[in-house]
Amino acid sequence: MALGDLMASRFSQSTVLIVPNHHDDSTATAFSSSASAAALNDESDFTSVPHRRDSEFTAASSSSTSGYANAATTMAYLPQTSFFNELRHDAFELELPSGPSDSGLVSKWRPKDKMKTGCVALVLCLNISVDPPDVIKISPCARMECWIDPLSMAPQKALDLIGKSLTSQYERWQPKARYKCQLDPTLEEVKKLCTTCRRYAKSERVLFHYNGHGVPKPTPNGELWVFNKSYTQYIPLPLNDLDSWLKTPSIYVFDCSGAGKVVNSFIELHEWSASNSNGSPRDCIMLAACEAHETLPQSVEFPADVFTACLTTPIKMALRWFCTRSLLRDSFDYSLIDKIPGRPNDRKTLLGELNWIFTAVTDTIAWNVLPHDLFQRLFRQDLLVASLFRNFLLAERIMRSANCTPVSHPTLPPTHQHHMWDAWDMAAELCLSQLPSLVEDPNAEFQPSTFFTEQLTAFEVWLDHGSEHKKPPEQLPIVLQVLLSQCHRFRALVLLGRFLDMGPWAVDLALSVGIFPYVLKLLQTTTPELRQILVFIWTKILALDKSCQVDLVKDGGHIYFMKFLDSLEAYPEQRAMAAFVLAVIVDGHRRGQEACIEDGLSHVCLKHLESSSPNDSQTEPLFLQWLCLCLGKLWEEFPEGKIIGLQGHATSILAPLLSEPQPEVRASAVFALGTLVDVGFDSCRSVGDEECDDDDKFRSEVSIVRSLLSVASDGSPLVRAEVAVALARFAFGHNKHLKSIAAAYWKPQTNSLINSLPSLANIKDTDGGYPKQSQHVAHGGIVSPQIGPLRVGSDNSKVIRDGRVSSSSPLASSGIMHGSPLSDNSSHHSDSGILNDGFSNGAVNNFGPKPLDNALYSQCVLAMCTLAKDPSPRVGNLGRRVLSIIGIEQVVAKPSKPSSVRTSEAIVSPSLARSSSWFDMNGGHLPLTFRTPPVSPPRPSYITGMRRVCSLEFRPHLMTSPDTGLADPLLGSGGASGTSDRSFLPQSIIYNWSCGHFSKSLLTAPDDSEEILARREEREKIALEHIVKCQHSAVTRLTNPIAKWDIKGTQTVLLQPFSPIVVAADENERIRIWNHEEATLLNSFDNHDFADKGISKLCLVNELDDSLLLAASSDGNIRVWKDYSLRGKQKLATAFSSIHGHKPGVRSRNAVVDWQQQSGYLYSSGEMSSIMQWDLDKEQLVNTIPSLSECSVSALAASQVHGGQFAAGFMDGSVRLYDTRTPEKLVCGLRPHIQRVEKVMGIGFQPGLDPGKLVSASQAGDIQFLDIRNHSSAYLTIEAHRGSLTALAVHRHAPIIASGSAKQLIKVFSLEGDQLGTIRYYPTLMAQKIGSVSCLNFHPYQLLLAAGAADACVCIYADDNTQAK
C-alpha cells in the first residue's frame, strides 16, 4: 500500500481530524436534518462520542420498544449529536499550554558534548620468545597476537608486524586519529609517547592500549610493567604517572592477566584525587581483559590477545568462536573466514551485512540493558568509544566461556546471555552456510539475511500490543540501523511513525536511541514515497522538542517542508503537519524566520489560504489553522516579514477566515492579524523608509482593527482571548490616542460634539473631588471582593463622577449604568459620530503612529471594556490587561462585609479618578477607602459614551493570580517608562495550545470509545422504554413530595435524566447539585466570581452521554460546566455573552434562553428587538432573527424534536413560532392572550412529533393550547391562576403540564385541560412566609416534577404510588 493511502486509511479509520458537527440548515424536515447531522458527525474529532449508523438505531429502537418507535422517532427523540468534546473545551481556563519545549527533560536525548578520539597510543610489551616469570604456559598454548604467530618469524620482525597490524585494526574504527606505537618500551619512551599524544590531541580523547603478554602481571598496587633499556629488568609504571601524562579525557585498554587490579587502582586514585580537590570528575574510561585474580585464557582455540581481537576484529573473532560451537565445526574450513567477500562498509556484501547485523545486535543489547544516560555516554558520544564498547559486549560473551570476566569502568551489567545473541548466531550461521559457494564462485548471488525483516516484524507485533506502561520495544536500535538501508527504509519509517504516535514518551525514547541524525539526513532524499511519513515523523519530534529548529535551518531542512506544503498531491491534514513543522522552525528563531522569508514561505501560505473557499467542505480546518499560525509565527516580532505579508495582501486574505465555522481557525486568523499590528513604529524605522509606506501601513491597520472588532464578541473564548491580545498590541502602538479618547469621555465637550452622539443618553455630572486618601496598600495585597471605580488617566488631576441617568431611564435609581460596550448599533456599526473633535493637539499628532479615525478608536475602547467584563475568566483578565495599557484601571473599594458573605448588594462607586500620569496612582498604590462626591445639578456638556466603562463591575482580581499565568506590569509599577517596555504585553496562547493536537495520538482512536458507545446504547434503551411509558401513562396526580431541600431564592431547577440528581440555582448564581434519592449534596459552586444577576435557565448538553451543565445568567452570559456533579472538580468548558445590541440605555437583566440539542442551537433574547441564534458547535452567532415585535421576548422554548424550530412569547402576550430552516424564519404569529394583555410567562411545545402544537401561559393566569393551523384562536383555554401565574412546565413526552403561581400553588393539567392535581405550599412551623413558585421543570423521561419557591425550598413530586426517600 502506498504511504499516502496508508496514512489516509489510518486517518479515516481513527477520525483524528478536528471537524466539528455540521448541520444542514436547509433541510426540509427535522428527521432528515438530524440524520444528516448524525452522518456528518462521523467526521468529528475522535474524542467525541462515537455514533452508530441509522440502521443500527433502527434495530435498537425497534427491539427496545417492541415495534412502537421507528427509526425516525428514535432520531427525533434521541439526538445523535454531541457537543463540547474538543480539545479547547478541556483545559482552556485551567492552565497555560506550554507548547514544544527547547530545554529541560526533552533535550536530554542530545549528547552532552560530541567527543572525538584524536590520538591512539599503542604500547606492546611482548618480549617475544621470553615468557614472564609469573606465568606458566601450557602446551599447546595460545600464541597468536593480532592474528600473527610471533614464533613463525624472527622476534623483531614479528614485533614490528604485530605493531603495524594492531594499528591497522584500530584504524578500521577511527581512521582519522593519529596512531603512535611503542614496542617493548622503556619508562621514558612511554612517558614521551603519552605526553606527545596529549599534546597533539589537545582537548580530545586519547586512547592508551596496553598489551602486557610479555611482562609479569600488574602489581597489587595496579602498576604496569615495562622494560629497562637492556631488557634485563622489568620496570614498574606507576598509575599516577600514567594518569598525569595522559590527563583527561582518556580511554584505557589493558590486555594482560590480572588487568582488574589496574582498573581498581585507577578508581581508587581518582576517588582520592576527587576528594582532595574541587575539580570536575575525570572523564576516564577503562576496558580490562579480566578480573584482578584471573589469568588470560591459554586455550589454543583462542588467540593470545583474545580481548584485543574481540575489540578490534569482532566479526572474525565471533565467527571463529561460533564455528567451534556450531554444527559446522567439523566440516567448516576456518581459513574461509579470512576470505569473506565484501567490505565492512558495504551492506550489500556478505562482510558488510555481517558487520551491520553485529552492530544492530550489540547496539540493541546495550540500549536494553544500560541506563539511558550511560548508553548516551558510551554509545553515542564518541565513535571509537562506541565501537569499542559494542565489541566489548562480544568480548564478555566469548571470554566468559573461558571462565574469564572482562572488566569495564563504567561498569556494565552482564550481557553475555542476552537473547539477542541467539539472533546473531542464527544470522552468522546463515551467512557462513553461503560462504563456501561464494568463495568458489565470485559471481554467485549473495542471499541477504532475513534478520532485519524479522526484527521489523517483531517491532510491528510490539506496536500492536505494547503501550507506555509495558516494557519498551527492544528492536528500536535495529529500526535505527534499518534506516540506513533503502530496501527496508520505507517500512521502518512507517513503523517508526506508528511508534512516535504513541506519545511524547515514545518520541523521547526514539531520540535517546539516536534517531535524530538519521531522519535529519533523510530530508536530503528526493524519494517521493518517503515524504509523507517523514513529515509525520518530524511533526512528532517537533511537537516534543523545539530545539531541533536550529538543526533544520542549518541543514536547509525547511525547504523540504515548504515543498511538501506547496504540493497538492498530499492530503490536507498532512500538509497541516508541514505547516506545523515550519511554524516551529520560525517560532522565536530569527535565523529560521529569515531563511523562510527568503525562500517565500509567506507567499506559499497566503496563496493556499486565498485558494481555499470558505464553504468548501474539502478544505481541512486543521490546514487553514496551521497556515494562519505559521504566518503569525513567521511575522511575529520580525518587521521584514510583516512588510512582505502586508505586500502580499495578508489582511484581506485573512479577514474572511474570521467567519470560518471552526473556532480554532478563527482564533488562528486573529493571531496572524495581531502579529501584523505594530507595537509602535520603531521597528518600521529600522527597516528603511523606502520599504515602509506609512499610508499602506495606516490602511492595513484600519483593516486589521475592523476585522478584530468584528469578532470581539465571538462565541468562543479561544477567539476572544486572541482578540484581546491583538488589541493589546494595538493599544500599545496607539497608546496616546486611545488614552486621549478614554480621557475625553470625562472632558467637557462642545454642544456640537454632544449632538454628534445620538445613541448616547444624557448624563449628569458633579464637580466634586476626592478628599485626600487615607490608606494605601500595594496592589499585591488587594483581596477585596468588592467593586471599585475605574481610574482613567488624563492631564487633569481633578476627579469627576459619572452622574445618574435621567429619571426616564429604567435604571435611574441604581446609580450605575449597565450596558454592553458594543450594544448600540451606532457604535458597533458606524465609523463616525463619536468624538469628532480630532484631538488636533500637535503633541498628539506627532507622537508615534499616524492617528486612525476617532470613531475607530472609540469602538476599540468599547470593545476592550466588553472583553474586561467577559464571562470567561481568562478573557476577562486579558481584557483588564488591555484596559490598563490605555490607562483605565480599577480602584478597589473597602469591603463592608467579610469576603465570605455573598451578596447581591455590592458596594459600587461609579466614580472615575484621574491622575497626572496614566498609571501612576499614588505612587503605584491603590486607594482602598474613598467617599463618593456629592451630586451636582445636571449639566449636559459631558460626554456619556464611557458610562459603560463605569459599569465595569470588576471584582478586584490580582493579575498575577495563577489562573492567568500573566504578570501585572502596570498596577503597582512606578514611573511612566512602562510604555516603552513590551515585556508586559499579554502573550497569545493559540499557538502553544494548538501544538497539543500533534502531541496526542493521530493514528489511533482513544481506548474508551467502546465504553462510551456501550454506555450510550444503554441510555438510549432506557430512554426509549421510559418514553413509551410516558406516552402511555395513566392520568396521574403528581402530588406526592418525594424530596425537599430548604433553599432561599431558587430561580431555576433541573432534573438529570439517568441519575437521581437535581440541580438548582439561586439568585446569587450559586449552583447546587443533590442526589435526591440519598438526600446528599454532591457539589456546590458559584457560577462566577461576582454574581448578582441570577440564573434564568439551566440546561443539560449531551444528556445521553456525559452531560454538561449550561447555565444562562439573567444578563445573557452563558457558561457551560463539565464534571459539575463532582465536588470541587467542576471545569468551565466555555463561556460567552449570548445577547448583543440591547435597546439604548437598557442593560438586560431578563435574558431568556433555550438550548436545542437536536440542532446544536442556543436561542437567546432579552430587552431587544431580535432573537439570537448561536451554533454551539461552531461557537458562533449564525443568525440574528428579527422578532418583528416592538415588545421584548419574555419566554423562549426550543423544540426538542424538530431542529431549528422554536417559539417565543412576548411582553404584550403575543406568541410567535419560528423555523430557522425557512428563509423568512417566522412561521406564524398568534395573539392568544387577548382578555388581559400581560406578558407570556411560559411557553412550550406539546409532547409528540407534531411541530405546530404549543402551550402558552401568561402572567394573567390563563394557559392557552395553540395549533398553528388555526390562526384565529386557541383550541383550549385553562384559567389556571388569577393574575398570578409565575411558571409553566410542559413534559417532553407525557401528556401533562404544570403551572405555578405567586400564591404558593402548583396545578397539574392534562393536555385535554383536565386538572389532575393541586400542590400547595404550607407555611412552615415558624410561620415563615413562603414565596411564590419561581420555577417548574419535569424530568425528561419520567413522571417527576421539580419545583422551586422564591423564598423557601426545592421539592420533587411524583405520583401517589411513589414512596418518598
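Side chains included, hydrogens not; waters and symmetry mates left out as well; all remaining heavy atoms used.
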Using a distance-only test with no angle check, is there a side-chain donor-acceptor pair under 3.5 angstrom linking [X] and [Y]?
| X | Y | value |
| --- | --- | --- |
| Ser1256 | Gln1264 | no |
| His1202 | Gln1158 | no |
| Arg1070 | Ser1084 | yes |

Who pairs with [X] by side chain to side chain contact (heavy atoms under 4.5 Å, CB included), at least two apart in sequence or on another chain?
| X | result |
| --- | --- |
| Val1152 | Ser1165, Val1193, Leu1196 |
| Ala1198 | Asp1154, Gln1156, Tyr1163, Gln1200, Phe1206 |
| Ser1164 | Ser1138, Ile1139, Val1153, Leu1162, Met1172, Trp1174 |

>> I'd like to check the salt bridge (charged side-chain N to carboxylate O under 4.0 Å, His left out) partners of Arg1019; sequence neighbours left out, ordered by chain and number.
In response: none
> Under the salt bridge (charged side-chain N to carboxylate O under 4.0 Å, His left out) test, which residues partner Asp1250, sequence neighbours left out?
Replying inline: Arg1269
So, the side chain of [X] versus the backbone of [Y]: is there a donor-acceptor pair under 3.5 Å, distance only?
| X | Y | value |
| --- | --- | --- |
| Asn1337 | Val1053 | yes |
| His1339 | Gln1056 | yes |
| Ser1334 | Gly1348 | yes |
| Tyr1357 | Ala1347 | no |
| Ser1114 | Gly1094 | yes |
| Asp1212 | Lys1239 | no |
| Arg1292 | Val1201 | no |
| Ser1113 | Gly1116 | no |
| Thr81 | Gln1157 | yes |
| Gln1051 | Ala1065 | no |

> When the ring planes of Trp1045 and Trp1074 are compared, do they come out parallel, tilted or perpendicular, using 30° and 60° as the limits?
Replying inline: parallel
From [X] atom [atom1] to [Y] atom [atom2], the distance as rounded to the nearest 0.5 Å:
| X | Y | atom1 | atom2 | value |
| --- | --- | --- | --- | --- |
| Glu1238 | Ser1194 | CD | OG | 11.0 Å |
| Lys1097 | Leu1110 | NZ | CG | 10.0 Å |
| Ile1278 | Leu1285 | CD1 | CG | 11.0 Å |
| Asp1066 | Ile1071 | CG | CD1 | 9.0 Å |
| Thr1080 | Arg1127 | OG1 | CZ | 8.5 Å |
| Cys1191 | Phe1210 | SG | CZ | 8.5 Å |

> Where do His1291 and Phe1338 land on the ring-ring contact (aromatic ring centres under 6.0 Å, His included) test, with the steps shown first?
Replying inline: CA-CA 6 Å; His1291 199 287; Phe1338 281 107; 5.2 Å; yes
>> My understanding is that only one of His1088, Arg1119, Lys1122 makes a side chain to side chain contact (heavy atoms under 4.5 Å, CB included) with Leu1132; could you say which?
In response: Arg1119
> Going by the ring pair (Phe, Tyr, Trp, His ring centres under 6.0 Å) test, which pairs reach into residues 1107-1135, not counting sequence neighbours?
Replying inline: Phe1085-Trp1121
> So do Phe1265 and Ile1297 actually touch side chain to side chain, heavy atoms under 4.5 Å?
Replying inline: yes
>> Do Leu1098 and Leu1109 make a side-chain contact, defined as non-hydrogen atoms from C-beta onward lying under 4.5 Å apart?
In response: yes
>> Ignoring hydrogens, what is the shortest heavy-atom contact between Tyr1341 and Glu1103? Give both atom names and the distance.
In response: OH-OE2, 2.6 Å
